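Not measured: the values here are computed from a predicted model. All residue numbers refer to positions in the sequence shown, counting from 1.
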Amino acid sequence: MTFPDIMEAYALDPTPEHLDDLHRAIMSAPTYDPLVTIGTAVAPLARSGDHQGIIDALWAQMPGIFLSPAAHMHLSQAHAALGSEKAAARERKFALLAMSSIHEGADGSEESPYPVLRIEDEYTVLEAARQRSQAQAQVTRGSGVFDVHTLEDGSQVWFRLLWRGTQPVS
């Protein structure tokens, strides 16, 4: 199956099995980098108003950044600024799909960590929940490797690092 086929299968039927396939396809892409910093990459382009540059830069990293909520929101904003509302709406839907792929069946607890494809996704999830990490630690358990963020109120949010795990990805 091609990447578009795998992506479409998940979009049309967002089951854990289809999400596993999509995660594997993203992580096997030559453009995949779990340490990518999308916000940093697009910031100078956004400051200069180079909306087409944002689109070009992010598309050059596909499919490795697919399911990145931040990437899809930057793409949506850039398309909207260029007057392409249909493309902007499509990217907003992908941003929502990306967030739901992280939240689906998980609550961020130690028992039910959020699965993430990139470190930046952790901060996107925290920011969307209006939470701020005060400390972060990496924890290895039999089921994988996790980033654990301690928040301002002392609570913790757990993220499973899919590229470092030993279990199936969803």
Side-chain angles (χ1 to χ4, degrees), residues 1-46 50-80 82 84 86-106 108 113-128 136 138 140 143-147 149 157-170:
M1 277 172 75
T2 66
F3 185 83
D5 293 334
I6 296 167
M7 177 185 69
E8 182 179 19
Y10 177 67
L12 294 175
D13 185 20
T15 62
E17 295 79 20
H18 286 148
L19 184 57
D20 283 347
D21 292 342
L22 185 53
H23 282 158
R24 279 190 288 276
I26 292 167
M27 289 187 292
S28 67
T31 54
Y32 175 71
D33 177 4
L35 304 179
V36 67
T37 54
I38 293 159
T40 302
V42 301
L45 298 167
D50 186 359
H51 306 295
Q52 187 60 53
I54 292 170
I55 294 167
D56 295 343
L58 293 177
W59 269 101
Q61 296 181 62
M62 291 291 181
I65 61 169
F66 191 75
L67 283 188
S68 161
H72 293 294
M73 282 310 299
H74 284 293
L75 284 166
S76 175
Q77 292 164 352
H79 281 296
L82 292 173
S84 180
K86 185 176 179 179
R90 180 191 67 233
E91 291 300 336
R92 279 192 300 277
K93 288 178 184 176
F94 280 137
L96 290 171
L97 183 69
M99 284 297 277
S100 70
S101 76
I102 295 169
H103 284 95
E104 189 67 33
Y114 294 126
V116 292
L117 290 163
R118 298 160 208 88
I119 298 294
E120 186 173 55
D121 295 347
E122 298 173 22
Y123 292 92
T124 301
V125 167
L126 292 173
E127 183 180 325
Q136 179 271 332
Q138 196 168 90
T140 302
S143 61
V145 180
F146 306 85
D147 272 350
H149 290 265
V157 179
W158 285 64
F159 295 92
R160 184 160 41 101
L161 308 180
L162 295 177
W163 67 97
R164 302 272 318 269
T166 59
Q167 296 292 313
V169 290
S170 76

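When all heavy atoms are compared, the tightest approach of Phe3 to Ala25 is CD1-CB, 3.7 Å. Closest approach of Pro69 to Ala95, counting heavy atoms only: O-CB, 4.0 Å. A pairwise comparison of heavy atoms in Arg118 and Gly64 identifies NH2-O, 3.2 Å as the closest pair. Summarising the geometry of Tyr10 relative to Leu97, their closest heavy-atom pair is CE2-CD1, 3.6 Å, with the distance given to 0.1 Å.
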Side chain to side chain contact (heavy atoms under 4.5 Å, CB included) between Leu161 and Val116, intermediate numbers included: CA-CA 6 Å; Leu161 308 180; Val116 292; 4.0 Å; yes
Intermediate values then yes/no, side chain to side chain contact (heavy atoms under 4.5 Å, CB included), Trp59 and Leu75: CA-CA 9 Å; Trp59 269 101; Leu75 284 166; 3.9 Å; yes
For a side chain to side chain contact (heavy atoms under 4.5 Å, CB included) check, start with the C-alpha distance between Met99 and Thr124, then their side-chain angles and the critical distance, and finish with the verdict. CA-CA 9 Å; Met99 284 297 277; Thr124 301; 4.3 Å; yes
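Of the inter-residue distances, the one linking Ile6 atom CD1 with Arg24 atom CZ reads 9.0 Å to the nearest 0.5 angstrom. Taken from NE2 in His79 to CD in Gln52, the straight-line distance is 7.5 Å, to the nearest 0.5 Å.
When Gln77, Glu91, Arg90 are each tested for a side chain to side chain donor-acceptor pair (under 3.5 Å) with His72, only one passes: Glu91. Here the options are Leu58, Leu117, Thr31, Ile26, the test is side-chain contact (heavy atoms from CB on, under 4.5 Å), and the partner is Ile65; only Leu58 passes.
Side-chain contact between Leu19 and Leu67 is present, with heavy atoms from C-beta onward closer than 4.5 Å. Two residues are said to be in side-chain contact when any heavy atoms from C-beta on lie closer than 4.5 Å; Tyr123 and His149 meet this criterion.
Under a 3.5 Å cut-off, the side chain of Glu120 and the backbone N or O of Ile38 do form a donor-acceptor pair. Remark: side-chain polar atoms of Ser76 are not paired, donor with acceptor, to backbone N or O of Met73 under 3.5 angstrom. Remark: side-chain polar atoms of His51 are not paired, donor with acceptor, to backbone N or O of Leu82 under 3.5 angstrom.
Below 30°, between 30° and 60°, or above 60°: for Phe66 and Phe94 the angle between ring planes is above 60°, a perpendicular geometry.
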